[in-house]
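Throughout, a chain's letter reflects where its sequence line sits, starting with A, and its residues are numbered from 1. Being a predicted model, the structure only gives us computed values, none of them experimental.
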2 protein chains.
Amino acid sequence: MTAPAIRTGRAGPEGGSRRLILDMAARLLRSGGYHQTSLREIAEAVGIRKASLYHHFASKEELVEAVVNDGVRFVDEAVAAALAAAAQAGPRQRLEAAIAAHLAALHGHGDYTSAAIKVFTFGSGPVPESVRLSRRLYEDVWRGLLAELREAGGIAPGRSPEALRLFLLGALNGSIDWYRPERFDIAALSREFAALVAPNGVDAAK
Amino acid sequence: MTAPAIRTGRAGPEGGSRRLILDMAARLLRSGGYHQTSLREIAEAVGIRKASLYHHFASKEELVEAVVNDGVRFVDEAVAAALAAAAQAGPRQRLEAAIAAHLAALHGHGDYTSAAIKVFTFGSGPVPESVRLSRRLYEDVWRGLLAELREAGGIAPGRSPEALRLFLLGALNGSIDWYRPERFDIAALSREFAALVAPNGVDAAK
DNA sequence: ATCCCCCTACCGTCCGGTAGGTAGTTGAGA
DNA sequence: TCTCAACTACCTACCGGACGGTAGGGGGAT
């Protein structure tokens, strides 16, 4: 046996019930945050009883932690993929691609990333170590991107790259509050945001 | 009788107990948000029983609404005062002064403004009408400021003023997450912020 | 005498979490 | 091939505690 997958007893021949729980939890966390979202709500959305959740997760905090880590992972992978696809472009276009990928992860179909932002931005409680780690790794992507842009001369000389990063991520995540798909276009927004960070078009480099 | 002030029975010769409740509520809301902050906590911080809060406010929502409205009012007044003091300056310096006033209101001694941001940013529940109104009025200050800057030629021609405003306010409020008084200087941050929005120094106008 | 401010005591509801049981599925051994 | 223990996934029922909110009383100031 090559252990094809984890077998399940009840939920169909496929064992996707953990993912289903995470999906519903992400949706509810996205719109309600940590304290407004109860395990009963999540269980009801999944179609099981609250106690059954404890078969998959040891506590509410562990469930939420799983959702949040997935959310950070998703946006991280999306941005990494966008940067890989734009490997040949200049740093300014790479910045714009990364911004677009971040916005798409926030406002696309998945609820994970926005749930992650909602739960741990303006954070109330202590942040779990695993979340802190994955967030820091994601921040490093932006640090690297801005350093690259700076070396290429795409940032005005006086600006602090760290302040720039904090501004940019804050503004990007703040879009949760005002972004509506019918009123804004992610590509156009990305162009606006990138133009703010790197005003002069430095993209001659191949 | 010229009605010098509201009289109180118990809380000293001055009737400041409503303000005290609001102060403590603001402090707790700032660090815990709406759902994590309980009326018992607030009452305990004030030094009274939970039921006594209902002598001053009809419900938790009404109490929070009062805190939030004060928070928006404070930052509004602070920014208006800063703009009045910089009435003779150019639009670029006026922008920087407004940014500094906003940051000072967020991170200064009062907890009201950060409580307001915390409660109604990434908002879960419906926003009361009074809060929506005062927030819209405050947003108009920035709309006017950016329009003024645009007319003076301080904004790059392609940029959308509305996107600029959303970016700026989002980045400003996001500073709640990372600002530490010992690590950042509000004046320096304001210069960074203003330089992003209006990169070229347009301030020749008197 | 009245009013203001705060009190004690209590309400129903919901919370996260636990105890213990019951089907369906699996794989090994006779 | 049949049996059976082990395991998985889920269930009902319950726990103590915290929540927002209410009822009604007391005591000091005017």
Side-chain angles (χ1 to χ4, degrees), chain A residues 1-25 28-29 31-68 119 124-126 128, chain B residues 1-25 28-29 31-68 119 124-126 128:
Chain A
M1 302 304 169
T2 47
I6 301 163
R7 289 292 176 162
T8 71
R10 204 108 97 192
E14 229 204 31
S17 72
R18 183 189 158 100
R19 252 277 88 82
L20 184 61
I21 292 171
L22 289 172
D23 278 352
M24 294 306 167
L28 290 166
L29 286 169
S31 66
Y34 187 94
H35 295 284
Q36 188 142 8
T37 303
S38 72
L39 293 179
R40 283 169 176 81
E41 275 181 296
I42 296 171
E44 191 183 6
V46 174
I48 61 177
R49 305 295 147 193
K50 178 201 50 161
S52 307
L53 292 174
Y54 284 85
H55 188 74
H56 302 273
F57 302 94
S59 67
K60 181 184 184 182
E61 286 172 14
E62 194 183 295
L63 205 178
V64 174
E65 194 176 326
V67 170
V68 169
V119 170
S124 317
Chain B
M1 304 297 174
T2 46
I6 301 162
R7 289 290 176 165
T8 72
R10 204 108 92 189
E14 227 204 31
S17 71
R18 183 189 157 100
R19 252 277 88 81
L20 184 59
I21 293 171
L22 289 172
D23 279 352
M24 294 306 167
L28 291 166
L29 286 169
S31 65
Y34 186 96
H35 295 284
Q36 189 141 358
T37 304
S38 73
L39 293 178
R40 283 169 175 83
E41 275 181 297
I42 296 171
E44 189 183 7
V46 174
I48 61 177
R49 306 294 148 193
K50 178 201 51 162
S52 306
L53 292 174
Y54 284 86
H55 191 73
H56 301 274
F57 302 94
S59 67
K60 181 185 185 181
E61 285 172 17
E62 194 182 297
L63 205 179
V64 173
E65 193 176 327
V67 169
V68 169
V119 171
S124 316

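In this structure, Glu62(B) places its CD atom 15 Å from P of dG20(D), rounding to the nearest Å. At whole-Å resolution of the value, CZ in Arg49(A) and C1' in dG16(C) are 17 Å apart. At whole-Å resolution of the value, CZ in Arg18(A) and P in dA9(D) are 11 Å apart.
Atoms CD1 and OG1, on Ile42(A) and Thr37(A) in that order, are 6.0 Å from each other to the nearest 0.5 Å. With rounding to the nearest 0.5 angstrom, the CD1 atom of Ile48(B) is 11.0 Å from the CE atom of Met24(B). The OG atom of Ser17(B) sits 9.5 Å away from the CG atom of Leu22(B) when rounded to the nearest 0.5 Å.
Contact annotation: Ser52(B) side-chain N/O to dC5(C) OP1/OP2 distance is not under 4.0 Å.
Applying the side-chain hydrogen bond (donor to acceptor under 3.5 Å, both in side chains) test to pairs two or more places apart or on separate chains, none has a residue in residues 51-63 of chain A.
Sorted by residue number, the list of members of residues 32-40 of chain B with any non-hydrogen atom under 4.0 Å from DNA chain C is empty. In the region residues 53-61 of chain A, proximity to DNA chain D at under 4.0 angstrom, judged on heavy atoms, holds for His55(A), His56(A).
Residues Tyr34(B) and His35(A) form no side-chain contact, since every pair of their non-hydrogen atoms from C-beta on lies 4.5 Å or further apart. Here the side chains of Leu63(B) and Leu39(B) are in contact, with some heavy-atom distance below 4.5 Å.
Summary of the strand contacts: Glu41(A) and Ala51(A) both lie near DNA chain C, and taking for each the nucleotide with the nearest heavy atom, the more 5' one is attributed to Glu41(A).
Of all heavy-atom pairs spanning Arg49(B) and Ala43(B), the tightest one is C-CB, 3.7 Å.
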